[in-house]
Amino acid sequence: MANEVKNDIDFMLMFGNLRAAFLDAIKDADAKTLQTGIVVKIARLCKEHNKLLTDNEKKTCISNIDEMKNTLKKVNSDSFLDGVLQEARIALEK
């Protein structure tokens with residue numbers, strides 16, 4: 001990742017930007033490569049840097065992942081993307 005994640009604020013900024021990019025990307029059913037890249041980055045971020053977060057920040061990210069999964073189901077269902085988002089969610093629950 002180009003931007004290094006050194007603290008919780010870095011994490012939240014990157015998570016928020018990736019979330020926004022994802023919500024834009026799933027509007028285009030043909031943008032599978034972009035969608036995949038975004039969710040894998042989210043999963044990596046959550047797995048590698050979840051220890052930086054407070055409990056409340058984790059809750060915020062988990063509820064946003066749930067929201068992203070629901071939007072994905074409605075707009076452009078994809079079991080791989082859903083599974084990778086679930087991995088990110090599991091990492092945050094630890």
Side-chain angles (χ1 to χ4, degrees):
M1 282 189 202
N3 307 357
E4 243 186 280
V5 179
K6 294 185 180 83
N7 56 42
D8 59 335
I9 300 302
D10 292 346
F11 182 105
M12 295 303 281
L13 176 64
M14 187 172 288
F15 184 92
N17 287 340
L18 288 168
R19 175 188 163 275
F22 176 78
L23 292 173
D24 280 347
I26 60 171
K27 292 174 188 164
D28 180 358
D30 297 329
K32 286 291 178 210
T33 307
L34 178 59
Q35 296 162 14
T36 301
I38 294 168
V39 296
V40 169
K41 278 187 174 178
I42 290 170
R44 179 186 293 155
L45 180 68
C46 293
K47 284 179 177 241
E48 291 179 0
H49 301 290
N50 60 357
K51 295 187 178 28
L52 297 172
L53 300 179
T54 65
D55 287 345
N56 187 56
E57 288 167 334
K58 284 182 184 179
K59 274 188 210 135
T60 300
C61 291
I62 287 169
S63 71
N64 276 277
I65 288 171
D66 289 343
E67 216 173 83
M68 290 159 67
K69 284 163 60 71
N70 289 334
T71 305
L72 176 67
K73 266 189 202 101
K74 283 184 221 147
V75 177
N76 185 3
S77 194
D78 184 295
S79 60
F80 178 79
L81 298 178
D82 187 72
V84 176
L85 285 171
Q86 186 60 29
E87 281 300 313
R89 192 183 194 288
I90 290 165
L92 292 174
E93 290 173 332
K94 290 179 179 168

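Keep in mind the model is a prediction, meaning the values are calculated, not measured. Computed over heavy atoms, backbone and side chain alike; hydrogens, waters and symmetry mates excluded. Residues: numbered from 1 along the sequence shown.
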Heavy-atom pair with the smallest gap, counting every atom of Ala31 and Ala25: CB-O, 4.0 Å

For the student: nearest non-hydrogen atoms of Val84 and Ala43, plus distance: CG1-CB, 3.7 Å

Asn64 side-chain N/O to Thr60 backbone N/O, donor-acceptor pair under 3.5 Å: yes

Test item: Val39 and Glu87 side chains (from C-beta on) under 4.5 Å apart, heavy atoms: no

Approximate separation, where rounding is to 0.5 Å, of Lys27 NZ and Gln35 CD: 12.0 Å

Interatomic spacing from CZ in Phe22 to CD1 in Ile42 - rounded to 0.5 Å: 6.5 Å

Heavy-atom closest contact (Cys61 atom, Phe15 atom, distance): O-CZ, 3.6 Å

Neighbour count >12 (heavy atoms, 6.0 Å) for atom CG, Asn7: yes

Separation between NZ of Lys47 and CG of Leu92, rounded to the nearest 0.5 Å: 10.5 Å

Check: Leu72 and Met68 side chains under 4.5 Å, non-hydrogen atoms: no

Interatomic spacing from NZ in Lys74 to CG in Asn76 - rounded to 0.5 Å: 13.5 Å

Full working for side-chain contact (heavy atoms from CB on, under 4.5 Å) between Glu67 and Arg19: CA-CA 10 Å; Glu67 216 173 83; Arg19 175 188 163 275; 3.4 Å; yes

Closest contact, heavy atoms only, Glu57 versus Leu53: OE1-CA, 3.3 Å

Approximate separation, where rounding is to 0.5 Å, of Ile90 CD1 and Asn50 CG: 12.0 Å

Rounded distance [0.5 Å steps], CE in Met12 versus CG in Leu45: 10.0 Å

Thr71 versus Ile26, closest heavy-atom pair with distance: CG2-CD1, 3.5 Å

Shortest non-hydrogen contact between Ala88 and Cys46, atoms and distance: O-CB, 3.7 Å

Single-linkage hydrophobic cluster Ile9~Leu52, side-chain heavy atoms < 4.5 angstrom: no

